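As C-alpha cells, the structure follows; a few thoughts come after it.
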Amino acid sequence: MAVTKIRKTSSSVLLIIAIVTVAVFGLFLFGGYIDPSAAKPEPRYTDVLLYLCYGILILAIAVMVGFAIWTFAQKLRTNPKGALGALLVIVALAAMLGTTYALGGTQPLRFSGDFVQYNTDHYLKFSDMWILSIYIMLGLTIVAMIWGAIYSSIKGRK
C-alpha cells in the first residue's frame, strides 16, 4: 500500500514538472523575441525559463537535504553505525565541493561588456567548482557501473 502511494505521488509530481517544463520551453522557443531586429535577438520568455530552472534546482536540493536528514534521523534511532555512514556521504559531498572550489581557477576570461561583472575570482572559482564536481561525479558513476557489472558477473558464477 505504501509503495503504491509513494509511486503515485512521485509519478504525479514528475508529470506536473514535465508538463510545466514543456509549456515553459514552448514559450521560450515560440514566444517571439524582445527585439527581432537586434544582432542577437533575445527570446521574450528567457526569464521564465531561468526562473523555472532555478525553482527546480532549489526544489531538488531541498528534497535531497531533507531526505538526507530524515535518513540520518531514522538510522540514528535504529542503527547508529548506519547513521554515521549516511552522515559520511553528506560530509564527503561537502568536502568534494570545498576541494573543487579551492582547485578552481581565477584566470580572468574575455567577456563582452555585459558579463564583465561575473569575471571575478568568486564566480570563476564557483563555476569551476561545479564543472569539476560534475566530472568527478560522472567518473564515479562510470566506475560504479563497471564495478557493479563485474561484481554481479563474479557473484553470478558462484
Side-chain angles (χ1 to χ4, degrees), residues 6 9-11 13-29 34 38-155:
I6 291 171
T9 303
S10 64
S11 296
V13 169
L14 177 65
L15 184 63
I16 290 168
I17 290 173
I19 289 170
V20 169
T21 302
V22 167
V24 169
F25 192 64
L27 275 174
F28 178 75
L29 286 178
I34 293 174
K40 294 181 181 178
E42 177 186 346
R44 182 164 298 177
Y45 296 102
T46 303
D47 56 342
V48 176
L49 180 65
L50 289 173
Y51 290 138
L52 174 71
C53 292
Y54 294 149
I56 291 174
L57 176 67
I58 290 169
L59 178 68
I61 290 171
V63 168
M64 182 187 74
V65 169
F67 276 124
I69 292 170
W70 184 71
T71 302
F72 176 72
Q74 291 289 353
K75 284 189 175 187
L76 191 60
R77 280 190 260 162
T78 59
N79 183 6
K81 281 189 177 182
L84 289 178
L87 185 62
L88 184 64
V89 170
I90 297 169
V91 170
L93 179 65
M96 180 193 69
L97 291 175
T99 304
T100 54
Y101 182 83
L103 291 174
T106 58
Q107 178 70 28
L109 302 173
R110 282 186 257 148
F111 286 133
S112 65
D114 295 341
F115 299 105
V116 173
Q117 65 186 6
Y118 301 110
N119 209 8
T120 63
D121 289 350
H122 169 70
Y123 280 112
L124 294 169
K125 289 175 83 69
F126 193 71
S127 61
D128 282 353
M129 174 189 74
W130 288 117
I131 292 169
L132 291 172
S133 297
I134 288 170
Y135 291 157
I136 291 170
M137 296 303 283
L138 179 64
L140 289 174
T141 302
I142 291 170
V143 168
M145 287 170 45
I146 293 170
W147 171 251
I150 292 171
Y151 181 75
S152 65
S153 68
I154 291 173
K155 188 178 177 183

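Fair warning: this is a prediction, and the values are worked out from it, not measured in the lab. When reading the values below, keep in mind they use all heavy atoms of this one structure, side chains included, and skip hydrogens, waters and symmetry mates.
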Report, one line per pair, each donor and acceptor closer than 3.5 Å where one atom sits in a side chain of residues 49-78; sequence neighbours left out.
residue: Thr71; atom: OG1; partner: Phe67; partner atom: O; Å: 2.7
residue: Thr78; atom: OG1; partner: Gln74; partner atom: O; Å: 3.2

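- In this structure Pro108 satisfies the side chain to side chain contact (heavy atoms under 4.5 Å, CB included) test together with Asn119, sequence neighbours excluded.
- Under the side chain to side chain contact (heavy atoms under 4.5 Å, CB included) criterion, Ile136 pairs with Met96, Thr100, Leu140, sequence neighbours left out.
- Atom-to-atom distance recorded for Ser11:OG and Ile16:CD1 is 11.0 Å, nearest 0.5 angstrom.
- Residues satisfying the side chain to side chain contact (heavy atoms under 4.5 Å, CB included) criterion with Leu14, sequence neighbours excluded, are absent altogether.
- Residues Thr46 and Glu42 share a closest heavy-atom pair of OG1-CG, 4.0 Å.
- Atom CD1 of residue Ile134 and atom CE of residue Met129 lie 10.0 Å apart, to the nearest 0.5 angstrom.
- A distance of 4.0 Å separates CG in Leu15 from CD1 in Ile19, rounded to the nearest 0.5 Å.
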Between Leu97 and Trp130, does the side-chain contact (heavy atoms from CB on, under 4.5 Å) criterion hold? Intermediate values first, please. CA-CA 8 Å; Leu97 291 175; Trp130 288 117; 4.0 Å; yes
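- Going from atom CZ of Phe126 over to atom CG of Asp121 covers 14.5 Å, rounded to the nearest 0.5 Å.
- Across every non-hydrogen atom of His122 and Tyr101, the tightest pair is ND1-OH, 3.3 Å.
- Not counting sequence neighbours, Tyr135 has no partner by the ring-ring contact (aromatic ring centres under 6.0 Å, His included) test.
- Atom CG of Leu138 is separated from atom OG of Ser133 by 12.0 Å, given to the nearest 0.5 angstrom.
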